[in-house]
Amino acid sequence: ESKVGDRIGYVVKSDVFSGGDLKEHPATPRKARLMATDPLHDLALLADYAPPEHLSASISMEPVETGMKVYAMGAPLGMLFSYSSGDVAAVRYVTSHGHEILFIQTTTPISGGSSGGGLYNVYGELVGICHATFTRGQNMNLFIHYQYVADLLRKVGI
C-alpha cells in the first residue's frame, strides 16, 4: 500500500483508438508522487512528474444547483479527454461504505474509465470528481462534491 510521499507508477492509455480490442490499446507508464489521500471520499492527490498536457482548472466556490449545466472530462474505456455534457439532477447525500457522502447526481454520460475525471460548470471550474454510475438506471451518475477536493488541497497547502 502506498503512503503519502511515495513515488508511484500508473498507466495512461492513448487517446487514439483505432477500434478492435481495448486490451491491446497502447498504454504509457507514468510516475507521480502521492501528495495526499482521502480514503473516505475515494480521493488521492498526485503530483505528476511530467508537465500537464492541458491547463489546470480552478475549483468552483459557487453552490452546485439542480438543473445547472455541467460537463465531464475523463477517459472512458481509455479514451483520454473524452467530453460529455448534461445537467445536475440533484445534490444529495448517499451512503457509501457506511458513510453519508455528498454527491452530485448528473445526467452527464460516463463509462468505465471515467472515474477520477472532472465535472465542470459553464465557466470551466471544477465542481466534482467522477465516482460511479448506476447501471440499473439511465443517466444516473455520481460525482464526488468539490468541497472534498478543496479540503484535500487545503490539507497539503495548495
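Scope of the values below: all heavy atoms of this structure, side chains included, with no hydrogens, waters or symmetry mates. What you see is a predicted model; the values in this text were computed from it and never measured.
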Spacing of [atom1] belonging to [X] relative to [atom2] belonging to [Y], to within rounding of 0.5 Å:
X      : Y      : atom1 : atom2 : answer
Tyr93  : His145 : OH    : NE2   : 8.0 Å
Asn121 : Ile59  : CG    : CD1   : 11.5 Å
Leu34  : Leu46  : CG    : CG    : 6.0 Å
Met35  : Leu152 : CE    : CG    : 10.0 Å
Gln147 : Leu102 : CD    : CG    : 5.0 Å
Met140 : Thr133 : CE    : OG1   : 8.5 Å

Report the C-alpha distance between Asp151 and Asp38 in whole Å, list the side-chain angles of each, state the deciding distance to 0.1 Å, and finish with yes or no for side chain to side chain contact (heavy atoms under 4.5 Å, CB included). CA-CA 9 Å; Asp151 291 345; Asp38 179 354; 5.9 Å; no

Any Ile129 side-chain heavy atom under 4.5 Å of Tyr146 side chain: no

Would you check if Ser82 and Met73 make a side-chain contact, meaning some heavy-atom pair closer than 4.5 Å? no

Assess whether side chain to side chain contact (heavy atoms under 4.5 Å, CB included) is satisfied between Leu142 and Phe134, documenting all intermediate values. CA-CA 8 Å; Leu142 294 179; Phe134 291 103; 3.7 Å; yes

I need the minimum non-hydrogen distance between Ser60 and Val127, along with the two atoms involved. CB-CG1, 3.7 Å

Work out which heavy atom in Phe143 is nearest to a heavy atom in Ala72; give both atom names and the distance.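 Scanning both residues, the minimum pair turns out to be CZ-CB, 4.2 Å.
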
Following the transitive rule for hydrophobic clusters with a side-chain heavy-atom cut-off under 4.5 Å over Ile, Leu, Val, Met, Phe, Trp and Tyr, establish whether Val4 and Ile158 coincide in one cluster. no

Determine, using the 4.5 Å side-chain heavy-atom cutoff (strictly less than), whether Val91 and Val94 are members of one ILVMFWY cluster. yes

Quick one: side chains of residues 103-119, donor-acceptor pairs under 3.5 Å with protein atoms, not counting sequence neighbours, listed by atom name and distance.
residue : atom : partner : partner atom : Å
Gln105  : OE1  : Arg92   : NE           : 2.9
Gln105  : OE1  : Arg92   : NH2          : 3.2
Thr106  : OG1  : Thr108  : N            : 3.1
Thr106  : OG1  : Thr108  : OG1          : 3.3
Thr107  : OG1  : Asp87   : N            : 2.9
Thr107  : OG1  : Asp87   : O            : 3.4
Ser114  : OG   : Ser111  : N            : 3.2
Ser114  : OG   : Ser111  : O            : 2.9

Pro39 backbone acceptor or donor facing Thr37 side chain under 3.5 Å: no

Got a donor-acceptor contact below 3.5 angstrom from the Asp6 side chain to the Lys3 backbone?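 Side chain of Asp6 to backbone of Lys3, a donor-acceptor pair under 3.5 Å: yes, one is there.
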
